[in-house]
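Let me begin by presenting the structure, written as structure tokens, before commenting on it.
Chain letters run A, B, ... following the sequence lines, proteins first, then strands; residues in each count from 1.
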Number of protein chains: 2
Amino acid sequence: MLKLKIWKGDNIKLILFIAIFSCAAMSLGASGDEDLLQQAKQIFSPLPQVMTSEKNPVTPAKVKLGRILFYEPRISVDGTVSCARCHPIGLYAADGLKKSIGNNCKVNPRNAPTLLNAAGQISAHWIGNRADVEDQARQSVTGPPSFGMPSHEAVEAKLRGIPGYTELFKKAFPRESSPVTVDNFAKAVGAFERTLVTPSAFDSFLKGDVAALKEEEKRGLKTFMEAGCVMCHFGTYLGGQMYEKFGIFEPYWKYTRSEPIDEGRYAVTKNEADKYVFKVSVLRNVAKTAPYFHDGSVDKLEEAVWVMGKVQLNRDLTKEQVAEIVTFLKSLTGIIPEEALTIPLLPSTE
Amino acid sequence: MLKLKIWKGDNIKLILFIAIFSCAAMSLGASGDEDLLQQAKQIFSPLPQVMTSEKNPVTPAKVKLGRILFYEPRISVDGTVSCARCHPIGLYAADGLKKSIGNNCKVNPRNAPTLLNAAGQISAHWIGNRADVEDQARQSVTGPPSFGMPSHEAVEAKLRGIPGYTELFKKAFPRESSPVTVDNFAKAVGAFERTLVTPSAFDSFLKGDVAALKEEEKRGLKTFMEAGCVMCHFGTYLGGQMYEKFGIFEPYWKYTRSEPIDEGRYAVTKNEADKYVFKVSVLRNVAKTAPYFHDGSVDKLEEAVWVMGKVQLNRDLTKEQVAEIVTFLKSLTGIIPEEALTIPLLPSTE
């Protein structure tokens with residue numbers, strides 16, 4: 001039954017199965033860096049320069065405006081919430097809290113996922129109620145626990161009350177006569193977020209430089225593949241491409257400190273099969289974005305890896321295996337683009 | 001009586017009086033850029049490169065650590081407060097709120113003053129209960145409306161719980177065997193803040209480049225001096241060197257939207273003469289740090305200038321005079337050091 005659920009007609013998974021199978025075979029025979037690379041290339045791919053979107057082409061003017069708006073708290077209901085509040089770049093675009101705290105101390109229902117490499121996922125956030133990073137930005141301004149504004153019109157009034165924005169929006173959306181809108185706020189912020197790509201040693205490896213990963217990282221990669229983590233954490237982002245039940249073999253809350261129990265995607269679809277289903281997390285920069293899981297209920301990466309093995313793969317990973325996987329995961333810590341590490345000056349109200 | 005209060009044995013003020021007198025005389029006679037410069041040089045001086053301190057020498061290692069700690073929210077009681085929360089550099093190190101909001105939505109008693117050029121003042125904050133920027137950083141970690149931690153020991157435990165800090169503190173305080181302390185947190189943050197110097201067109205002017213200010217800015221400077229604003233807003237920082245009653249001629253709250261009435265420095269000294277006394281604000285970057293006054297009760301710089309004239313100088317400044325002064329004040333918007341506009345990566349808990 002469980003296996004059927006996992007394999008149901010999913011081509012990606014079939015390919016992964018073959019890849020993992022050959023990977024396991026490899027570990028029995030003569031192995032080498034080149035073999036490992038070939039295996040890895042069947043499962044993963046290096047990061048693009050920018051996470052493009054047909055609906056929202058990334059232009060320099062949009063990115064410039066988006067980077068400013070990312071830091072803009074004056075359009076939130078209490079003047080304290082900007083995108084950067086829950087996604088501070090210096091903390092790898094997550095906030096270190098179990099659950100983010102928004103306007104007027106309202107607690108968000110889930111942990112703030114990092115925005116780094118986030119735009120390449122099938123959707124934004126945890127349960128599939130945000131189509132993409134643009135949709136997330138658009139919804140956040142009126143989200144009760146985030147910016148908390150009463151309406152898009154109210155946000156637009158605040159934006160128009162800061163004179164410097166008029167010109168910036170005009171430059172970013174040159175064909176529009178009245179460009180200072182929440183839709184364009186979302187597009188600009190989204191365009192900025194689409195530049196938040198963090199290439200790491202693992203990308204150099206995937207591009208053919210087998211020496212880019214240290215021996216222990218390569219061992220970790222092999223363990224990561226053989227253990228089956230790649231069943232869900234595959235692709236460019238090592239996650240973010242599918243939804244999966246958290247707790248396939250046992251309820252997740254048996255091993256986390258989750259309180260209350262979150263039913264996940266069920267809240268969106270009301271489909272019984274979506275109970276406890278969440279989007280698979282992107283693992284890039286995972287060593288920098290504790291605490292872990294949708295509710296931040298686990299502090300340490302070692303514990304998170306062990307819990308995953310237990311409830312997703314029915315494996316009681318040994319301390320050594322966990323350590324190997326964590327060593328590999330640390331090689332996914334990437335370099336944040338210089339532009340994203342520069343604080344933009346916000347237009348004044350004068 | 002009032003005059004006696006203003007003039008009481010204060011040498012700086014006597015010099016200023018002479019300077020303003022000659023300035024007024026100048027305006028009657030043949031005036032020129034060179035005359036204006038000479039007058040200005042008697043009252044103001046250009047910014048230093050760094051705001052040094054004998055007690056806390058500014059070293060690169062301290063600045064590096066301080067810049068990281070400036071963004072560190074994980075040492076606050078609810079994990080949301082860092083120095084940057086109330087002093088975001090992109091908003092010119094103020095937060096745009098009337099009164100800052102700290103941990104657990106606690107409202108600070110007063111407006112967050114900008115940290116730019118702040119270390120050169122006689123004290124930090126508004127009422128003289130913070131000796132300097134180091135003292136402010138030290139007190140903020142246990143300040144109920146700011147970081148809200150129960151004790152210095154609790155802060156130190158949190159700092160020690162983030163492994164990367166050990167090495168950073170060691171490098172910044174190489175002679176200490178156990179350097180991860182709140183005192184050193186304060187010194188490091190203070191050292192970083194001592195680099196937040198923002199030279200502007202006005203500094204170039206003061207250094208002899210009379211063309212650095214536009215004609216209308218020079219007119220504004222003259223009006224600023226002649227109107228008597230320099231009685232309090234003198235020196236390198238155009239303020240920050242003395243305390244003064246807010247409302248010498250009339251209660252300040254007659255013209256602001258202040259609620260409740262703040263008794264200012266009286267809260268510190270319990271001296272009747274200190275009622276409604278505040279530290280004179282630094283005017284550098286003032287056009288970028290709305291809203292104004294200790295309680296953020298005035299939104300617009302024009303209005304703030306007019307209120308100042310009315311209650312401090314008993315002058316009903318004309319619209320034209322206000323506009324001239326505001327034009328000059330805008331020339332005080334300076335360039336934030338590149339290093340301070342770079343987001344540091346925070347050490348992870350892994």
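- With respect to chain A, the highest number of heavy-atom pairs below 4.5 Å among B/Ser82, B/Gly96, B/Ala287 belongs to B/Ala287.
- The number of heavy atoms from other shown groups lying within 6.0 Å of NZ (B/Lys106) is above 12.
- Heavy atoms closer than 4.5 Å to chain B are found in the backbone of A/Pro344, but not in its side chain.
- Taking chain B as the reference chain and counting heavy-atom pairs below 4.5 Å, the highest number among A/Ile101, A/Ile89, A/Leu301 is found for A/Leu301.
- There is no contact between B/Pro88 and chain A, counting heavy-atom distances below 4.5 Å.
- Taking 4.5 Å as the limit, every side-chain heavy atom of B/Tyr92 sits out of range of all side-chain heavy atoms of A/Leu346.
- Dense packing is recorded around CD of B/Glu216, with more than 12 heavy atoms of other residues, nucleotides or ligands lying under 6.0 Å away.
- Rounding to the nearest 0.5 angstrom, the gap separating the OG atom in B/Ser348 from the NZ atom in A/Lys330 is 7.0 Å.
- A/Lys300 places a side-chain N or O within donor-acceptor distance of the main-chain N or O of B/Thr349, the cut-off being under 3.5 Å.
- Only the backbone of B/Ala340 comes within contact range of chain A, with heavy atoms under 4.5 Å apart.
- Under the 4.5 Å side-chain criterion, counting only non-hydrogen atoms from C-beta, B/Arg85 is in contact with A/Thr80.
- Heavy atoms closer than 4.5 Å to chain A are found in the side chain of B/Ile336, but not in its backbone.
- When side chains are defined from C-beta on, A/Thr342 does not count as touching B/Ile343, because their heavy atoms never get closer than 4.5 Å.
- With a 4.5 Å cut-off on non-hydrogen atoms, B/Asn103 does not touch chain A at all.
- Counting heavy atoms from C-beta on, the side chains of B/Leu345 and A/Leu91 never come closer than 4.5 Å.
- At a threshold of 4.5 Å between non-hydrogen side-chain atoms, the residues B/Leu97 and A/Arg74 do not count as touching.
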